[in-house]
Amino acid sequence: MRMLLRLMLRPAVAAVFFCATIPALYAAGAAPVWEVLRINGDETDNAGEELPPFEIEVRDGYVYVMANRQMKVEVFTILGQLVTNRKVQPGVVRLKLDNRGIYIIKGAGNTRRINL
C-alpha cells in the first residue's frame, strides 16, 4: 500500500518542484542586459505611412526591438513570469537573455511570441 502511494505521489511532487524552481532558477541567473543601438530623432520622412509600433527580430541569441515611438516593453516567460521590462525610446535596442526558450514580448498594446 505504501509503495502504491509513493508511486502515485512521486509525479505530483516532481511537478510541483519543477513548476516552483524553474522560474527561481531564471531569477538566480544574471539579469538580462538591454543595450541601446540607435535612437531615432524626430524624423518625419515616413509621414504618410502607417508603421507598426514595434518590430522584433531574434538573431545570434539577441532580441532586437525596433520601436517607432517611446513605449514600455515587457518580456515574460511562457509561464507568464516577468523577466524584464524597460521603457524604450524610438530606435533599436538589443536584449540579451541567458536562457533559451519561448518568451512573450508585450509593447504598445501588441503581444508577440519569440523562440530563442
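- When all heavy atoms of Pro53 and Asn110 are compared, the pair lying nearest together is CG-ND2, 3.0 Å.
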Determine, step by step, whether Val63 and Leu97 satisfy the side-chain contact (heavy atoms from CB on, under 4.5 Å) criterion, reporting the C-alpha distance in whole Å, the side-chain angles of both residues, the deciding distance to 0.1 Å, and the verdict.
CA-CA 8 Å; Val63 179; Leu97 297 169; 4.3 Å; yes
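- Hydrophobic clustering keeps Val33 apart from Val36 (ILVMFWY residues linked when any side-chain heavy atoms are closer than 4.5 Å, directly or through intermediates).
- In plain terms, the two heavy atoms of Val58 and Asn115 that are nearest each other are CG1-O, 3.8 Å.
- With rounding to the nearest 0.5 Å, the separation of OH in Tyr62 from CG in Leu116 is 11.0 Å.
- In this structure, Arg112 forms no cation-pi arrangement with Tyr103, as its terminal cationic atom is not both closer than 6.0 Å to the ring centre and no more than 45° off the ring axis.
- Atom CG of residue Leu79 and atom CD1 of residue Ile102 lie 10.0 Å apart, to the nearest 0.5 angstrom.
- Linking Ile, Leu, Val, Met, Phe, Trp and Tyr residues whenever their side-chain heavy atoms come within less than 4.5 Å leaves Ile39 and Tyr64 in two separate clusters.
- You'll find the side chain of Val75 stays beyond 4.5 Å of the side chain of Ile104, heavy atoms only.
- Atoms CG and CE, on Leu37 and Met66 in that order, are 10.0 Å from each other to the nearest 0.5 Å.
- If you run side chain to side chain contact (heavy atoms under 4.5 Å, CB included) between Lys106 and each of Glu74, Met71, Lys72, only Glu74 comes through.
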Review item, side-chain donor-acceptor pairs of residues 83-94, under 3.5 Å, at least two apart:
| from | atom 1 | to | atom 2 | distance (Å) |
| --- | --- | --- | --- | --- |
| Thr84 | OG1 | Trp34 | NE1 | 3.0 |
| Arg94 | NE | Glu35 | OE2 | 3.2 |
| Arg94 | NH2 | Glu35 | OE1 | 3.0 |
| Arg94 | NH2 | Glu35 | OE2 | 3.0 |

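- For the pair Ile105 and Val73, the tightest heavy-atom approach, listed with the atom from each and the gap, is CG2-CG1, 3.8 Å.
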